[in-house]
Protein chains: 2
Amino acid sequence: MLMNQTMSTILDVAQELVQTRGYNAFSIKDIANRVEMRTSSIHYYFPTKADLCRALISRHRQRVADVLAGIDQKVGDPRTKLERFAYVFQSTIEAGNRMCPFGMLAADSDTLEPESCEELRASFDDLENWLKRVLLEGRKAGVIAFAGSAQHEARFILSTLEGAMLVARTYKDPGRFEVVARRLLGRLKK
Amino acid sequence: MLMNQTMSTILDVAQELVQTRGYNAFSIKDIANRVEMRTSSIHYYFPTKADLCRALISRHRQRVADVLAGIDQKVGDPRTKLERFAYVFQSTIEAGNRMCPFGMLAADSDTLEPESCEELRASFDDLENWLKRVLLEGRKAGVIAFAGSAQHEARFILSTLEGAMLVARTYKDPGRFEVVARRLLGRLKK
DNA sequence: GTCTATAAGATGATAGAC
DNA sequence: GTCTATCATCTTATAGAC
């Protein structure tokens, strides 16, 4: 999707609202107020709220792909890669007690368009596939140990991180997330 | 809270809506339609939506306490207790792809009254404390093994189960939950 | 592109009849 | 206890001026 600065700013604000309040707890007016525009101007860029949601998921999916590619490029050790992965989640909750956008939309998924829901699943698949690959790399290199399939272990890791954010949010205590994430990765030690 | 049949039915419907759509994605009218009453009648029992939410959390907290007491009474083996615990979550997602009420409200927590948010945390504390106790029982009896504090292990288990529900929901596939739950408990084997 | 104006419907909530 | 009627406000969205 071709995007200019204004659209990007609108999505920034919308994403923050999704992460803190959820898709059904903010209005176009909330966005308009924060970007200091009228609601009609928001609709100029995103005709409907559903359009905005689709753009949001799509952009975040791409951003996450870029972040994971960056980790692959900068980091060699598979265990360190997993730590970086977990830290992406941790830094999110540390910055204003935000939930993962995908995790929040998963909660709202019954109220999303089928199309948005599908891209949400594809986004989770991306995360799971990256984890699966890193786990296999680590097992092959002899630096990571886990039982069973890498696919299932990846799914396990993703579920735990999402759940740890969800619960920690309620306490507004990022420390709760950290304790769980540390335990999660500790399990994988050789 | 003293409750009659009508109030109980209203809360049943409201809870199902919370679990599937989230607190901010259903209206008093949605409840009224399903119980075949007018919105004003709903307000007769629960003056505000926030009142209804408080009653919902409070009732579910008590119900969960009863379920856990039932497990304690019927089951001796700590590992089996944990399996029963996980099955409470599994049966929830199997019944209409529902999220845990506490987990869903955790996502919505930024939009809840402070009082509701506090009881939500207390509800999570209940779950965590029960898990902690069972873990200690199991370790003492030599049938459960885990590293570190029981408190942190309990927190880890709760996070994973909530996250597994959240992600599985998006795929409408309870099998995804089961795979994660099985792995979660498999770790505790002696 | 951004605005004003406005529509049509939803929403939470209340007053008062029965 | 349930209803009708009504309210003020919010919400998403559109038309048309500038």
Side-chain angles (χ1 to χ4, degrees), chain A residues 1-57 104-105 107-117, chain B residues 1-57 104-105 107-117:
Chain A
M1 194 188 189
L2 197 66
M3 228 182 301
N4 61 32
Q5 181 55 54
T6 309
M7 294 172 92
S8 180
T9 304
I10 290 169
L11 285 188
D12 289 346
V13 168
Q15 181 172 317
E16 203 260 339
L17 287 165
V18 163
Q19 290 180 262
T20 52
R21 301 180 57 86
Y23 180 70
N24 297 294
F26 73 89
S27 67
I28 306 294
K29 187 109 171 55
D30 291 327
I31 300 172
N33 287 341
R34 299 197 192 195
V35 300
E36 290 177 300
M37 276 186 154
R38 304 297 167 166
T39 59
S40 54
S41 301
I42 308 298
H43 284 296
Y44 171 76
Y45 293 104
F46 303 100
T48 70
K49 196 181 175 185
D51 290 327
L52 192 151
C53 185
R54 234 181 305 111
L56 191 72
I57 297 171
M104 186 61 99
L105 291 170
D108 297 328
S109 60
D110 268 25
T111 71
L112 303 181
E113 283 181 314
E115 198 185 333
S116 290
C117 215
Chain B
M1 193 187 189
L2 196 67
M3 228 181 302
N4 61 32
Q5 180 55 52
T6 309
M7 294 171 93
S8 180
T9 304
I10 290 169
L11 285 188
D12 289 345
V13 168
Q15 182 173 315
E16 203 260 340
L17 287 165
V18 163
Q19 290 181 262
T20 52
R21 301 179 57 86
Y23 179 71
N24 297 295
F26 73 90
S27 66
I28 306 294
K29 188 109 169 54
D30 290 328
I31 300 173
N33 288 341
R34 299 197 193 195
V35 301
E36 291 176 301
M37 275 186 155
R38 303 297 166 167
T39 59
S40 54
S41 301
I42 308 297
H43 284 295
Y44 171 76
Y45 293 104
F46 303 99
T48 71
K49 196 181 176 186
D51 290 328
L52 192 150
C53 185
R54 235 181 305 111
L56 191 73
I57 297 171
M104 186 61 98
L105 292 170
D108 297 328
S109 61
D110 268 26
T111 70
L112 302 181
E113 282 181 315
E115 197 185 332
S116 290
C117 215

Distance under 4.0 Å to a non-hydrogen atom of chain A counts as contact; along DNA chain C, which nucleotides mark the start and end? C:dG1 to C:dT4
Nearest 0.5 Å, what's the [atom1]-[atom2] distance between [X] and [Y]?
X: A:T9; Y: A:Y45; atom1: OG1; atom2: OH; result: 9.5 Å
X: A:D110; Y: B:M104; atom1: CG; atom2: CE; result: 7.0 Å
X: A:M7; Y: A:D12; atom1: CE; atom2: CG; result: 12.5 Å

Taking the side chain as everything from C-beta on, heavy atoms only, tell me whether B:R54 gets closer than 4.5 Å to B:D51. yes
In a table with atom names and distances, give each donor-acceptor pair under 3.5 Å that connects a side chain of residues 22-40 of chain A to protein atoms at least two apart or in another chain.
residue: A:Y23; atom: OH; partner: A:K49; partner atom: O; Å: 3.4
residue: A:N24; atom: ND2; partner: A:T111; partner atom: OG1; Å: 2.9
residue: A:S27; atom: OG; partner: A:K29; partner atom: N; Å: 3.3
residue: A:S27; atom: OG; partner: A:D30; partner atom: N; Å: 3.2
residue: A:S27; atom: OG; partner: A:D30; partner atom: OD2; Å: 3.3
residue: A:K29; atom: NZ; partner: A:N33; partner atom: OD1; Å: 3.4
residue: A:D30; atom: OD2; partner: A:S27; partner atom: N; Å: 2.8
residue: A:N33; atom: ND2; partner: A:K29; partner atom: O; Å: 3.4
residue: A:R34; atom: NH1; partner: A:E16; partner atom: OE1; Å: 3.1

Please report the closest heavy-atom contact between [X] and [Y], naming both atoms and the distance.
X: A:A55; Y: A:M1; result: CB-SD, 3.8 Å
X: B:L52; Y: B:I42; result: CD1-CG2, 4.3 Å
X: B:A50; Y: B:S116; result: O-OG, 4.5 Å

Whole Å only: how far is the CZ atom of A:R38 from the P atom of D:dA13? 19 Å
Provide, to the nearest angstrom, the distance between the NZ atom belonging to A:K49 and the P atom belonging to D:dT14. 15 Å
Any donor-acceptor pair, under 3.5 Å, between the side chain of B:S40 and the base of D:dT4, if you only look at N and O atoms? yes
Using a 4.0 Å heavy-atom cut-off, does A:T48 contact any base of the nucleic acid, only the sugar-phosphate backbone, or nothing at all? sugar-phosphate
In residues 5-37 of chain A, which residues come under 4.0 Å of DNA chain D by heavy atom? A:F26, A:S27, A:I28
